[in-house]
2 protein chains.
Amino acid sequence: MSSNTRSAGAARRRSRAPVFAALGDEMRLLLVAKLSSGQPHSISQLTKGSSLTRQAITKHLRVLEGAGIVHGVRTGRESLFEFDPAPLDEIKEYLDLVSAQWDRALARLKSFVED
Amino acid sequence: MSSNTRSAGAARRRSRAPVFAALGDEMRLLLVAKLSSGQPHSISQLTKGSSLTRQAITKHLRVLEGAGIVHGVRTGRESLFEFDPAPLDEIKEYLDLVSAQWDRALARLKSFVED
DNA sequence: TTATAATGCAACCTGGAGGTTGCATAACGT
DNA sequence: ACGTTATGCAACCTCCAGGTTGCATTATAA
């Protein structure tokens with residue numbers, strides 16, 4: 001099951017800046033790393049080992065959730081957060097577009113020089 | 001010339017959060033879009049059509065430059081900014097790692113359920 | 001049923017991001 | 001030589017991101 005399978009395909013034209021912004025923080029990247037490794041984690045679990053407060057972690061999780069990168073469900077007395085891959089696939093797709101554009105530009109430049 | 005050719009390969013282990021952060025702004029994404037289309041642009045050119053001030057644009061360019069996404073060279077009385085693809089390739093690579101990790105997790109879950 | 005664990009909510013603090021304005025300076029075109 | 005263009009620098013302003021602490025609330029374990 002490669003990332004193609006998940007079809008970031010539809011290419012929603014909403015802006016991707018919020019997703020990038022959500023990933024623009026070391027701690028949040030750490031959280032993403034933990035959650036993308038499989039099992040959902042509770043806030044307490046995610047807080048353990050971190051130097052930050054539980055509330056700080058909570059806020060980071062809300063930011064990630066706001067960007068759609070993660071979602072949490074209240075289960076009993078704890079709320080479990082799970083990774084959601086779609087937004088990351090979308091920005092990867094976006095980065096590919098930028099790359100492609102740049103490569104085409106270079107190709108044009110090259111053929112012009114060779115002319 | 002695909003993005004592989006540019007070898008994000010070396011995979012410097014410095015954190016990618018700053019790069020994501022630099023892309024976490026609509027205006028900066030716009031600048032990246034313009035610059036990745038080929039020709040270097042001067043600050044004035046980039047300011048034209050924008051509702052922001054020249055200094056605001058300048059600050060955004062400095063942020064992008066700080067993340068290595070762009071670099072500017074003073075040429076005569078103007079400083080030309082040009083796109084630099086390496087950082088974007090690096091974070092793309094990073095996103096692939098996260099995706100792969102997630103996919104493996106799902107695969108394990110699946111085989112466990114089928115067991 | 002009682003103590004404890006896991007969160008939610010809200011008020012508060014601080015630093016830096018994102019913008020603006022004003023002034024100084026270097027390069028160009030004529 | 002002069003007016004104009006393209007920038008750089010710096011001071012200043014406002015607002016929000018990131019963190020903390022304190023208190024209330026809901027599940028659980030014993």
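Each chain gets a letter, A, B and so on, in the order its sequence line appears, and its residues count up from 1.
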For atom CD of Glu78(B) and atom P of dC28(C), their distance in whole Å:
9 Å

Output the distance between atom NE2 (His41(A)) and atom CG (Leu35(A)), rounded to the nearest 0.5 Å.
6.5 Å

A side-chain contact here means heavy atoms from C-beta on lying under 4.5 Å apart; do Lys59(A) and Arg62(A) qualify?
no

To the nearest Å, give me how far apart CG (Leu61(B)) and P (dG19(C)) are.
12 Å

Measure from CG on Leu31(A) to P on dG19(D) and round the result to the nearest Å.
10 Å

pair Val19(B)-Glu90(B): side-chain heavy atoms closer than 4.5 Å:
no

Tell me: NE2 of His41(A) to P of dA6(C), nearest whole Å?
15 Å

N or O in side chain of Ser79(A) less than 4.0 angstrom from dA6(C) OP1/OP2:
no

Rounded to the Å, how far apart are Arg62(A) CZ and dT7(C) P?
10 Å

Any Ser99(B) side-chain heavy atom under 4.5 Å of Lys92(A) side chain:
yes

With a 3.5 Å cut-off and sequence neighbours excluded, list the donor-acceptor pairs that the side chains of residues 74-82 of chain B form with protein atoms.
residue	atom	partner	partner atom	Å
Arg74(B)	NH2	Arg77(B)	O	3.4
Thr75(B)	OG1	Val73(B)	O	3.4

Using whole Å, what does the distance between atom C1' of nucleotide dA17(D) and atom CG of Asp25(B) come to?
14 Å

Check whether any side-chain heavy atom of Ser50(B) lies under 4.5 Å from a side-chain heavy atom of Ile57(B), and answer yes or no.
yes

Determine whether any donor atom in the side chain of Arg77(B) lies under 3.5 Å from an acceptor atom in the base of dT5(D), or the reverse, and answer yes or no.
yes

Leu80(B) CG to dT5(D) C1': how many Å, rounded?
14 Å

Within residues 43-60 of chain B, residues whose heavy atoms come under 4.0 Å of DNA chain C
Leu52(B), Thr53(B), Gln55(B), Ala56(B), Lys59(B), His60(B)

